[in-house]
Amino acid sequence: MARYTDTFIEELKNNVDLVDLVGDYLELKKSGNRYKGLCPFHNEKTPSFFVNPDNNFYHCFGCGAGGDSINFVMEIENLTFVESVKLLSERVGLQLPNLSNEQRHVYQEREQIFSLNKLAAQLYNYFLTEKEMGKKALDYLKARGFDLKDIEKFKLGYAPDEWQILLAFLHKRGFSLDLIEKAGLVNQGKNNSYYDKFRNRVIFPIFNNRGEVIAFGGRRLAKDDFGPKYLNSPETTIFSKKKNLYGMHLAKESIRKENTCIIMEGYTDVIQAHKNGFTNAIASLGTAFTEEQAKLIKRYAENAYIAYDADTAGNKATLRGLDILSAAGVNVKVVNLSEGSDPDQLLKEKGRNAFENYLAQASSLVDFKIEMIIKDKDLADPGIRLSVLREIINLIAEIDNELKREIYLERAAARTDFKPDVLAAEIKKELKNKSRNLKTNREKKNSRQKNKVDLSRQISQYQRIEEEILAYYINRVDLREKLANRLSPADFSGRAAQLAKYLFKGQIISGSISQDKVKSKLNQELLSYWSEILVKQESSLSDRRILELADYLGAQKITATKNKMCNILASGNFNLDKLNRLLMTFYKLNYNTERRD
């Protein structure tokens, strides 16, 4: 896709303080001439995410994520390139230049979907609060305990029991049928006709983090109404269920402030929670968490309470989701609601204090899993008892902290009447097996990489020089021709050689180059290496020193090649044809050495 002019993009990046931008999402601490923090893109306990303020680049040495300010916004906010440029331009006060035709089409289509979603939400809200046709839905919401303040805060609405009322409304405002269909607001019927997707339903708009309407959820009003209880928007260019959380646009500041979120199952649970002062409540748009949702939560908080309906909290999909959330580095606690109860009902009937008591008594994820293992099990049956024992042993053996293992061992023994020493002995066996397997795998890996590790130690000095040269080559257009006259891709090794092969091209030597322009040309490993070398770049080196390093690198490569050729000649393992090639290569190397001198 066509991009903005290089001049504008460079001006934008130069105006964005990357340390300040990243600091809006995570805590950064100064480390030498760089800043470091916990990576927002993967779970880690030791900071491996670095920002280099000298060239406005970031890189995570843990997961390989890296890039400039535009890349960062694209990844962390799930935006397109154009949308990221727009957001950053607004941040620094730069006026956007005109877009290319192709770029304008993609951007405008997304903007139009945002616009028609906003209009649809306003129309649904108007039907609910202002029109007689919405009275039944309004009465339903009031019976659920919601008032006009709640309706306004969450922009609730009503979709009338009519076939094309929304379609006609959007048509009159200039939106095409194709666009309305792409937004997921209509379905195709017989004879190529179209009708409104949501009919005779209470409407719950779903917002992204920036407060834009990206989708809708519709709930039927009565059990005997047609269709499923809940009907949701399909995936669109602006909506991905696995990347969003209901209510996050309203809850994120409270979540960040309290370092805790309360995750619920349904829209009305969240609305009732906010109504009762729990403004850090969100819903997961399903019981099975995704890695994207887990990373989004970890960006704002380290702790999460899971307050799902009692009958779904322990199902397999939910437990898999909680494991994903825990793996992302979130401390998970499960609220143990009474059978058949849900947060909406509990808050409405018993109020804030009752729900706070449930939060205070919430179980850790391990405790909750133990309860799920023994729930409804007949522990008097030897076969069932053995199966339960095995599940508990596997669960506790996964805990990597000895003190925590001891605590949960005692709790499991008390809940199951297993003897603590029996559990401890079995867990010890399991840990030995795991340790043995881990050691074996580690030895195999070390054996495979031994030579590689030794080699990396020998050439680490050259690698550092290679990376410094490439970093300056990328950032300093005025030095490229001088560096290209001294070096070729053959003078580099490993990943540096692969990257140099791309960079040492005529059209790149004279023009500006940025990471976003090469995404389609380089694989993920080289893109990550690109950001890595820029973050490690020492900006204090003089031009003279960089050119000296280039001469040194080239000379070392020539010397190493000549030594290799001398070893071949000394071995006598060659024919006349190979000897001729060796002598010609030797001659060229001598010529290059003299030219460098």
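Side chains of Glu265 and Asp342 form no contact here, defined as non-hydrogen atoms less than 4.5 Å apart. At a threshold of 4.5 Å between non-hydrogen side-chain atoms, the residues His274 and Val270 count as touching. Looking only at side-chain heavy atoms (C-beta outward), Ile180 and Tyr194 stay at 4.5 Å or farther from each other. Counting heavy atoms from C-beta on, the side chains of Leu18 and Asp68 never come closer than 4.5 Å. For the pair Tyr158 and Arg201, the minimum side-chain heavy-atom distance is 4.5 Å or more. Side-chain contact between Ile203 and Asn125 is absent, with no heavy-atom pair separated by less than 4.5 Å.
No more than 12 heavy atoms of other residues, nucleotides or ligands shown are found within 6.0 angstrom of NZ on Lys333. Heavy atoms of other residues, nucleotides or ligands lying less than 6.0 angstrom from NZ of Lys404 number 12 at most. The number of heavy-atom neighbours closer than 6.0 Å to CD of Glu356, taken from other residues, nucleotides and ligands shown, is above 12. The environment of Lys30 atom NZ is dense: over 12 non-hydrogen atoms of other residues, nucleotides or ligands sit within 6.0 angstrom. Environment of CZ in Arg415: sparse, with no more than 12 heavy atoms of neighbouring residues, nucleotides or ligands closer than 6.0 Å. Around CD of Glu291, the count of heavy atoms belonging to other residues, nucleotides or ligands within 6.0 Å does not exceed 12. In Lys428, the NZ atom is not crowded: 12 or fewer heavy atoms of neighbouring residues, nucleotides or ligands sit closer than 6.0 Å.
Cation-pi contact between Arg219 and Tyr230: present, with separation from the ring centre below 6.0 Å and deviation from the ring axis of at most 45°.
Contact check on Lys142 versus Asp150 returns no salt bridge, with no Lys/Arg side-chain nitrogen under 4.0 Å from an Asp/Glu carboxylate oxygen.
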Would you please test Lys36 and Phe50 for side-chain contact (heavy atoms from CB on, under 4.5 Å) and show each step? CA-CA 4 Å; Lys36 68 178 180 179; Phe50 285 79; 3.6 Å; yes

Show the numbers, then the answer: is there a side chain to side chain donor-acceptor pair (under 3.5 Å) between Asn315 and Thr312? CA-CA 6 Å; Asn315 66 39; Thr312 60; 5.0 Å; no

Going through the checks in order, is the salt bridge (Lys or Arg N to Asp or Glu O under 4.0 Å) test met by Arg385 and Asp417? CA-CA 10 Å; Arg385 190 170 177 79; Asp417 290 330; 6.0 Å; no

Evaluate the criterion side-chain contact (heavy atoms from CB on, under 4.5 Å) for residue pair Val202 and Leu141; output intermediate values, then yes/no. CA-CA 8 Å; Val202 175; Leu141 288 170; 4.0 Å; yes

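Scanning both residues, Cys261 and Ile297, for their nearest heavy atoms gives SG-CG2, 3.8 Å. Taking each heavy atom of Leu409 and Leu423 in turn, the nearest pair found is O-CD1, 3.8 Å. Residue Phe368 comes nearest to Asn336 through the heavy atom pair CD1-OD1, 3.8 Å, listed as atom of the first residue, atom of the second, then distance. Shown here for Ala304 and Leu325, the closest heavy-atom pair between the two residues is CB-CD2, 4.1 Å. When every heavy atom of Gln293 is checked against every heavy atom of Lys241, the shortest pair comes out as NE2-O, 3.3 Å. Counting all heavy atoms, side chain and backbone alike, Val330 lies closest to Ala301 at CG2-O, 4.3 Å.
Side-chain rings of Tyr267 and Tyr246 approach one another, their centers coming within less than 6.0 Å. Aromatic pair Phe49/Phe61: ring centres not closer than 6.0 Å. Aromatic ring centroids of Phe72 and Tyr25 lie under 6.0 Å apart.
Tyr124 and Thr129 are not linked by any side-chain donor-acceptor pair at a separation below 3.5 angstrom, with hydrogens and angles left out of the test. For the 3.5 Å distance criterion, the side chains of Glu525 and Ser528 fail to qualify, holding no donor opposite an acceptor.
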